[in-house]
4 protein chains.
Amino acid sequence: MGSLIEDIRKEQIISTAITTIADKGFINTPLSEIAKEAGISKGVISYYFKSKDELVKKVMDKILSDSKKYINKVVAGEKTASGKITAYISASFNYMEVNKQHFDALVDLWGSITAHEEKLNFNKKNYDPCRHFIEEIIRAGIKSGEFVSIDVRLAASLIQAVIDGVMIQWLFDENAINLKDARDEVAKVWKAYFFK
Amino acid sequence: MGSLIEDIRKEQIISTAITTIADKGFINTPLSEIAKEAGISKGVISYYFKSKDELVKKVMDKILSDSKKYINKVVAGEKTASGKITAYISASFNYMEVNKQHFDALVDLWGSITAHEEKLNFNKKNYDPCRHFIEEIIRAGIKSGEFVSIDVRLAASLIQAVIDGVMIQWLFDENAINLKDARDEVAKVWKAYFFK
Amino acid sequence: MGSLIEDIRKEQIISTAITTIADKGFINTPLSEIAKEAGISKGVISYYFKSKDELVKKVMDKILSDSKKYINKVVAGEKTASGKITAYISASFNYMEVNKQHFDALVDLWGSITAHEEKLNFNKKNYDPCRHFIEEIIRAGIKSGEFVSIDVRLAASLIQAVIDGVMIQWLFDENAINLKDARDEVAKVWKAYFFK
Amino acid sequence: MGSLIEDIRKEQIISTAITTIADKGFINTPLSEIAKEAGISKGVISYYFKSKDELVKKVMDKILSDSKKYINKVVAGEKTASGKITAYISASFNYMEVNKQHFDALVDLWGSITAHEEKLNFNKKNYDPCRHFIEEIIRAGIKSGEFVSIDVRLAASLIQAVIDGVMIQWLFDENAINLKDARDEVAKVWKAYFFK
DNA sequence: AATGAATGAGCTTTCATTCAT
DNA sequence: AATGAATGAAAGCTCATTCAT
């Protein structure tokens with residue numbers, strides 16, 4: 001358990017699952033298709049993942065944690081609250097741009113979360129940390145006097161919301177919106193908002 | 001074609017499909033379940049809809065056009081560009097709040113749009129009109145001198161984005177964000193942005 | 001539910017299941033094989049039976065209740081306790097002889113009862129009634145003075161035991177034991193036992 | 001061939017197979033489970049047994065030959081035919097009682113004998129020797145004048161039958177029948193029968 | 001001798017769709 | 001118009017067996 005080859009295989013399967021789901025859609029992606037794309041036999045997937053559901057969960061975890069890791073690293077490179085907010089927004093859009101498949105797959109997999117409890121759980125694991133992360137930055141900015149005093153919780157939600165909303169438009173049509181323009185404009189709007 | 005009873009039946013099926021999909025998730029909603037919920041036989045659905053895919057498309061159309069109809073009506077009640085923008089945002093959130101099931105179903109059905117062409121088509125039919133609608137309002141506001149001059153296309157996208165993004169957070173956890181607060185805050189932010 | 005065609009189909013499927021399992025063995029009888037033998041499609045079985053397990057249960061119920069029905073009827077034709085005991089034994093062997101397939105299938109299906117609770121349940125539903133039935137006869141015989149006083153519970157168990165034991169030998173090799181001879185000998189032994 | 005380690009391994013696998021099958025049922029016992037229980041790798045089983053079927057055969061052989069060995073030894077300790085019959089019956093029940101798992105597994109494995117030829121073969125290898133063994137005792141008893149003259153073949157069959165039949169009732173519910181009582185009663189009945 | 005990753009045939013089950021009534 | 005029995009393709013999953021190490 002936890003052997004090298006196991007980790008490699010799991011990684012390979014998750015990775016192939018992402019590209020395949022992004023390409024054909026979750027509903028049109030049986031395990032056999034992922035296996036075929038990965039050049040392995042169907043049984044291997046069942047060998048490493050207890051069920052399709054478990055694989056899907058691991059896929060979503062991977063997409064979100066990779067994204068989070070990148071963004072956090074970029075933000076950590078900034079000192080000021082203002083710099084951090086801008087970095088968060090920039091990093092979000094930049095990462096999105098070079099990892100479109102990940103988000104294509106992610107949005108597709110939302111539909112696989114059906115139970116109410118699962119939704120709450122997904123939210124708690126994925127959205128809450130993002131919001132909290134932004135909240136902390138804003139709070140620090142208010143404390144240091146950089147930002148005006150605002151509803152931190154709500155502001156964090158709205159920042160995340162505009163990022164996600166832009167992403168959706170872009171996923172449905174790459175040409176509908178230019179990510180770099182959106183990035184710059186969002187940064188501008190929120191600076192205006194925070195600095196009064 | 002288009003007889004009264006036919007229209008009633010189709011409406012009934014679409015409506016039941018929405019509530020059932022919202023409740024159990026698209027993946028867990030076979031046609032037989034919709035039929036059962038509607039109190040009709042399975043065959044009727046196939047009789048009125050060429051395929052499940054067609055029904056799904058009609059369901060999405062219905063959700064989006066109902067929403068659009070309501071919003072447009074509210075917006076039409078306003079005279080100024082500023083009033084119209086505020087009305088658009090308010091109406092969007094208000095409608096969302098009383099029609100949660102519709103959007104639960106909608107997000108669930110996104111995953112059923114798999115082909116690239118279908119995505120472009122969905123975007124063209126659903127997002128583009130929204131954006132254009134907002135664009136027109138902004139354009140009128142700029143022309144009349146109400147608003148400062150801004151990138152109309154982008155501004156429209158961002159307004160729609162923040163609405164959609166909030167919706168997603170709310171769909172995953174009703175308690176994660178208060179829709180009325182979000183509505184008021186979004187209105188405030190954008191007024192600040194447009195008026196200088 | 002409970003329509004005529006439903007009952008016919010269920011009966012047909014159960015009946016075919018018995019002959020197929022008797023012929024090829026439970027382990028070598030996928031649902032597809034039963035369907036093929038019955039000249040219907042695989043899906044029909046799932047349509048009428050929730051699961052393979054449910055079908056198996058119904059099959060065992062059918063085998064045992066048919067047998068019980070026949071035996072009880074024969075026994076009811078006798079007046080004296082002695083006549084009833086002999087009738088029970090005779091009927092058991094006679095029924096066995098013309099319904100070999102049923103018992104081939106039954107013994108094969110024993111292996112499908114795995115959980116401890118299921119075994120107890122199977123016993124309670126199938127063995128207990130048989131034993132109780134014999135016990136009642138013996139008790140009546142003792143009361144009427146026909147039989148000597150014996151351990152009723154144990155005697156009933158042993159009568160059933162010798163019948164079942166003979167059956168097993170016969171199922172494994174029809175020529176290993178002559179059912180009619182066994183029938184007569186068992187009757188003789190037990191009469192000797194009961195009458196002192 | 002037949003090295004010490006090989007024999008130990010085979011013995012270990014067969015032994016573990018018995019307890020595992022008795023516990024979970026043959027259908028729910030993949031080779032991997034036996035391997036796990038035995039603390040060895042799956043491949044070892046395939047290494048020592050050509051197929052699962054072969055292992056099953058060896059398991060049944062082991063169960064039956066162990067039982068036979070014990071019974072024969074006990075019987076050999078008796079001088080008279082009467083003593084030998086009583087010993088056979090007693091030994092059968094006593095062995096059963098302390099080796100319940102073996103018979104749980106055995107009954108479970110009956111279902112794996114599917115081909116007609118296999119059944120005949122199983123019978124020839126297992127039942128016939130038992131019956132012959134009893135027959136010889138009875139024959140000697142008749143010859144020596146201990147027993148009345150009876151149908152030896154049939155008598156042997158019935159003795160084995162009642163033992164097997166009691167076992168089955170007991171396997172399905174340990175509390176349904178008391179093995180010691182059954183043992184004593186069976187001995188009593190048959191003595192009465194043989195001695196006239 | 002032993003391992004356990006890998007295979008793939010084969011299973012049960014689901015379900016969109018068809019069609020006789 | 002409506003029913004629901006029937007179909008059969010396709011899915012997820014299990015597992016005996018193989019084989020490189």
Side-chain angles (χ1 to χ4, degrees), chain A residues 1 3-6 8-10 27-35 38-56, chain B residues 3 5-6 8-9 27-36 38-56, chain C residues 1 3-6 8-10 27-35 38-56, chain D residues 3 5-6 8-9 27-36 38-56:
Chain A
M1 107 194 22
S3 74
L4 183 60
I5 190 149
E6 182 177 333
I8 290 172
R9 270 274 180 269
K10 283 186 172 180
I27 290 174
N28 302 316
T29 302
L31 293 180
S32 59
E33 185 62 27
I34 298 173
I40 57 178
S41 90
K42 213 169 23 130
V44 178
I45 297 177
S46 296
Y47 186 78
Y48 288 106
F49 297 92
K50 221 173 51 217
S51 68
K52 196 183 185 184
D53 254 35
E54 201 202 281
L55 171 59
V56 162
Chain B
S3 77
I5 192 153
E6 184 177 330
I8 290 172
R9 270 274 182 265
I27 290 175
N28 302 318
T29 301
L31 291 181
S32 59
E33 185 63 26
I34 298 173
K36 205 175 100 190
I40 58 175
S41 89
K42 224 177 358 159
V44 179
I45 297 178
S46 295
Y47 186 79
Y48 286 109
F49 297 92
K50 215 175 61 217
S51 69
K52 195 183 186 185
D53 257 32
E54 200 203 283
L55 171 60
V56 162
Chain C
M1 108 191 27
S3 73
L4 183 61
I5 192 149
E6 182 177 335
I8 291 173
R9 268 274 180 271
K10 283 187 172 180
I27 290 174
N28 301 317
T29 302
L31 293 180
S32 59
E33 185 63 27
I34 298 173
I40 56 178
S41 91
K42 215 167 21 130
V44 178
I45 298 177
S46 295
Y47 186 77
Y48 287 108
F49 298 92
K50 222 173 51 219
S51 69
K52 195 183 186 185
D53 254 35
E54 200 202 281
L55 171 59
V56 162
Chain D
S3 78
I5 192 153
E6 183 177 330
I8 290 172
R9 271 274 182 265
I27 290 175
N28 303 317
T29 303
L31 291 181
S32 59
E33 185 64 25
I34 298 173
K36 206 174 101 189
I40 57 176
S41 89
K42 224 177 0 158
V44 179
I45 297 178
S46 295
Y47 186 80
Y48 286 110
F49 298 91
K50 215 175 60 218
S51 69
K52 195 184 186 185
D53 257 32
E54 200 202 282
L55 170 60
V56 162

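Letters A, B, ... are given to chains in the order of the sequence lines, protein chains preceding strands, and every chain is numbered from 1. Because the structure is predicted, anything quoted here is derived from the model rather than measured. Below, all heavy atoms of this structure are taken into account, side chains as well, without hydrogens, waters or symmetry copies.
Separating the NZ atom of B:K36 from the P atom of F:dA2 is a distance of 21 Å, rounded to the nearest angstrom. One atom, CG of A:L4, and another, C1' of E:dG4, lie 15 Å apart when rounded to the nearest Å. D:N28 has its CG atom 18 Å from the P atom of F:dC13, to the nearest Å. The distance from atom CD1 of B:I8 to atom C1' of F:dA2 is 16 Å, rounded to the nearest whole Å. Atoms CG (A:L55) and C1' (F:dC13) sit 14 Å apart, rounded to a whole Å. As rounded to whole Å, 11 Å separates atom P of F:dT3 from atom CD1 of B:I45. For the pair C:I27 CD1 and E:dG10 P, the interatomic distance rounds to 16 Å; values are reported in whole Å.
With E:dA2, F:dA1, F:dA5 as the candidates, the nucleotide lying closest to the side chain of C:I5 is F:dA5. Of the listed nucleotides (F:dA6, F:dA1, E:dA2), E:dA2 has the atom at the smallest distance from the side chain of D:S41.
To the nearest 0.5 Å, atom CD of residue A:E54 and atom OG of residue A:S51 are 5.5 Å apart. Separating the CD1 atom in D:I34 from the NZ atom in D:K42 is a distance of 12.5 Å, to the nearest 0.5 Å.
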Reading 5' to 3' through nucleotides 16-21 of chain F, protein heavy-atom contacts under 4.0 Å coded B for base, S for sugar-phosphate only, - for none: SBB---
One pair to check against side-chain contact (heavy atoms from CB on, under 4.5 Å): B:L31 and B:L55. What are the steps and the verdict? CA-CA 10 Å; B:L31 291 181; B:L55 171 60; 3.9 Å; yes
For side-chain contact (heavy atoms from CB on, under 4.5 Å), just list the numbers for D:N28 and D:E33, CA-CA rounded to whole Å, side-chain angles, deciding distance to a tenth of an Å, and then say yes or no. CA-CA 9 Å; D:N28 303 317; D:E33 185 64 25; over 6 Å; no
List the steps, then state whether side-chain contact (heavy atoms from CB on, under 4.5 Å) holds for C:K10 with C:F49. CA-CA 8 Å; C:K10 283 187 172 180; C:F49 298 92; 3.9 Å; yes
Apply side-chain contact (heavy atoms from CB on, under 4.5 Å) to residues B:I40 and B:R9 and explain how you reach the verdict. CA-CA 10 Å; B:I40 58 175; B:R9 270 274 182 265; 4.1 Å; yes
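With the nearest nucleotide of DNA chain F identified for both C:Y48 and B:R9, B:R9 has the one nearer the 5' end.
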With both pairing distances under 3.5 angstrom for Watson-Crick or G-U wobble, and | for a partner in another strand, the correct string for DNA chain E is .||||||||||||||||||||
